[in-house]
Every structure is written in C-alpha cells, then in structure tokens.
Amino acid sequence: TLRFNLCQGLNMSLSGLYNIGHDVGGFHGPSPGPELFCRFVEFCALWPRMVMNSWKTSGIVNTPWMHPEVLDPVRAAMELRHALIPYLYTCLWRAAAEDEPAIRPLLWDFYADPVARTVDDAFMLGPDLLVAPVLEEGATTRTVHLPAHPGGWFDWHDGSHHAGGGPVTVAAPLGRLPLFARAGSVIPVETAEGLTAVVFGAPDGTASGSVYLDDGDT
C-alpha cells in the first residue's frame, strides 16, 4: 500500500490536513517482511506524523527490532528523521501560520515543469527537499524526475550534484531514502553538537533558509 499511502497523503495534505503520516509497517493485515518493513520505515521517516502503530491477528505488533537483519538500515532511516526534526518543525509551523502544506506534490513548487505536474511517486517536504521513497520490491536504485531549477539539486547522502530538468537514477539500498536538496537552500539539522545548518550553494553564491524555534513546551 506504500504507493496508495503516498497519493492519499498528498491529497490529504492539499486538503488542509497537514500533520499527517502513516502507520509504519501497516496497521492491519499480515506482518511485513524485512525488506518491506525497512522500506515502510524509510517511507514514513519524513512525514510529519511517524507512528509505529499496529493491530495484527497474529498478535505480532510492529517494532523497530522485529527483523534484526534490517535493524541497522531501520536505525539509519530513523536517524535521518531525527536529524531533520528542526526542518520538519519549521515546515509544520509554516503550515499552521500560513496554510502552506509541509508535504506536497512536486507541482506545488514546480508547476511550470510539465513532467513535475504528473509525478505521483515522490513529494516535496517544504520548499527545499525532494523525497523519492522506494516503492518497488527488490529495487536497489531509484529513478526520479528532478524539476528544472537554477543550480540544480544535491543528493543529501553524498553531496553529488544533479542539474535537474530530467530523470536521475541513484543508489537506494535499504536504509538510504533517496533525498535531494534544492540548490540555494539552507537546511537546519540537529546533530550531536546541537542545532546547525547544511548549506547547498547556488550559482550566484547565495543560499537562504529559515528555522522556527520555541521553548519546546508552551
């Protein structure tokens, strides 16, 4: 149901339900095998709501350690989420303050790109990150359309540059969610040293971003 979940979530978000996500591993039905479970964790990692919540007739509920053989890639996907919590939080603040969905189809930001208007297997997280979850069993690579953008795009994991304006194929082993940052963006991230930023330079040498901070309570 990953592909359906993606289309459903995009439509919900466009309808004003911003703080959404999916039950990791599926709420009901059969328990996912190791590969599907890991891909489910990756898929859900960058949605506003990420909950590992399930009810199975077998009595086996979904847990991060249910398949020890994929524990490391599952942990990697969760660590990516935790690193990007400042960015996610800023996107949700913007959604509440300005009715700008955090999760949205590519057409929201790149409506002039005719191919981007047809993409339903990837999504934008805020204005600066493009997420392309793996939706096919057995896949170890992912092909996605990167919209035309001045300065192109950068692979989040290895920093490799892509010009944009067409499809790219990147490595997507278990635990590596295909993620691209827009050139000219500044992404707030949480590290062991605290809040910092990752800068993806643009051709004119400038970059910008925003971060919303509060006291974490009130």
Side-chain angles (χ1 to χ4, degrees), residues 2 5-25 27 38-53 62 64 73-110 122-133 147 149 153-157 159 175-202 206-218:
L2 288 180
N5 288 152
L6 179 49
C7 293
Q8 177 199 46
L10 288 174
N11 280 284
M12 291 173 68
S13 189
L14 289 176
S15 300
L17 299 173
Y18 304 133
N19 191 19
I20 59 170
H22 309 282
D23 294 315
V24 180
F27 178 76
C38 185
R39 293 305 192 191
F40 230 121
V41 174
E42 295 171 22
F43 174 83
C44 293
L46 295 185
W47 289 72
R49 173 189 178 272
M50 183 186 186
V51 178
M52 197 167 288
N53 179 43
N62 299 334
V74 164
R75 181 182 287 112
M78 290 183 167
E79 288 175 346
L80 175 64
R81 175 181 180 82
H82 280 275
L84 286 169
I85 284 293
Y87 181 77
L88 271 165
Y89 198 75
T90 300
C91 289
L92 264 292
W93 165 74
R94 185 176 289 115
E98 302 174 7
D99 285 316
E100 179 182 317
I103 298 289
R104 64 263 202 133
L106 273 58
L107 62 85
W108 180 279
D109 297 278
F110 301 98
F123 62 91
M124 293 298 296
L125 173 58
D128 297 324
L129 295 180
L130 189 155
V131 188
H149 173 70
W153 300 80
F154 293 89
D155 187 298
W156 179 269
H157 300 285
R176 179 165 169 154
L177 172 67
L179 178 64
F180 304 88
R182 180 181 59 80
S185 63
V186 178
I187 309 296
V189 295
E190 186 71 31
T191 70
E193 290 73 37
L195 183 65
T196 186
V198 181
V199 180
F200 297 92
T206 65
S208 63
S210 60
V211 59
Y212 175 73
L213 299 173
D214 58 23
D215 64 8
D217 186 16
T218 59

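Owing to the predicted nature of the structure, the values given are computational and were not obtained by experimental measurement. Residue indices begin at 1 and follow the sequence shown.
- One N or O on the side chain of W153 and one on the backbone of P147 form a donor-acceptor pair closer than 3.5 Å.
- Of the possible donor and acceptor atoms, none in the side chain of S13 sits under 3.5 Å from a partner among the backbone N and O of G9.
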Name every donor-acceptor pair, under 3.5 Å, that has one atom in a side chain of residues 92-99 and the other anywhere in the protein, sequence neighbours excluded.
{"from": "R94", "atom 1": "NH2", "to": "S210", "atom 2": "OG", "distance (Å)": "2.7"}
{"from": "D99", "atom 1": "OD1", "to": "Y18", "atom 2": "OH", "distance (Å)": "3.2"}

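- Classification of the F43-F40 ring pair by plane angle, with boundaries at 30° and 60°, yields perpendicular.
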Problem - Audit row: L88, R81, side chain to side chain contact (heavy atoms under 4.5 Å, CB included) steps and yes/no - result: CA-CA 9 Å; L88 271 165; R81 175 181 180 82; 3.9 Å; yes
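- Of all non-hydrogen atoms in A77 and A45, the two that sit nearest each other are O-CB, 3.7 Å.
- D155 pairs by the side chain to side chain donor-acceptor pair (under 3.5 Å) definition with nothing, not counting sequence neighbours.
- Here E100 pairs with R104 under the salt bridge (Lys or Arg N to Asp or Glu O under 4.0 Å) rule; sequence neighbours left out.
- Between the side chain of S185 and the backbone N or O of I187, no donor-acceptor pair lies under 3.5 Å.
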Handout entry: Stepwise side chain to side chain contact (heavy atoms under 4.5 Å, CB included) check, L6 with W47
Key = CA-CA 10 Å; L6 179 49; W47 289 72; 3.7 Å; yes
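- Taking 4.5 Å as the limit, every side-chain heavy atom of L10 sits out of range of all side-chain heavy atoms of M124.
- In this structure a side-chain-to-backbone donor-acceptor pair under 3.5 Å is present from T90 to Y212.
- H157 places a side-chain N or O within donor-acceptor distance of the main-chain N or O of L177, the cut-off being under 3.5 Å.
- You'll find the side chain of V189 stays beyond 4.5 Å of the side chain of Y87, heavy atoms only.
- Looking at every heavy atom in both residues, L46 comes nearest to L84 through CD2-CD1, 3.9 Å.
- N62 places a side-chain N or O within 3.5 Å of a backbone atom of V24 that can act as its donor or acceptor partner.
- Side-chain contact between L125 and I103 is present, with heavy atoms from C-beta onward closer than 4.5 Å.
- Contact between C7 and N11 at its shortest, heavy atoms only, is O-ND2, 2.8 Å.
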Exercise for the section: Might you work through the side chain to side chain contact (heavy atoms under 4.5 Å, CB included) test for R182 and D128, ending with a clear yes or no? Expected result: CA-CA 5 Å; R182 180 181 59 80; D128 297 324; 2.4 Å; yes
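- Aromatic rings of W156 and F200 (six-membered ring for Trp) have centroids within the 6.0 Å cut-off, being under it.
- The closest side-chain heavy-atom distance from H22 to C44 is below 4.5 Å.
- Taking the side chain as every heavy atom from C-beta outward, E190 and I85 never approach each other to under 4.5 Å.
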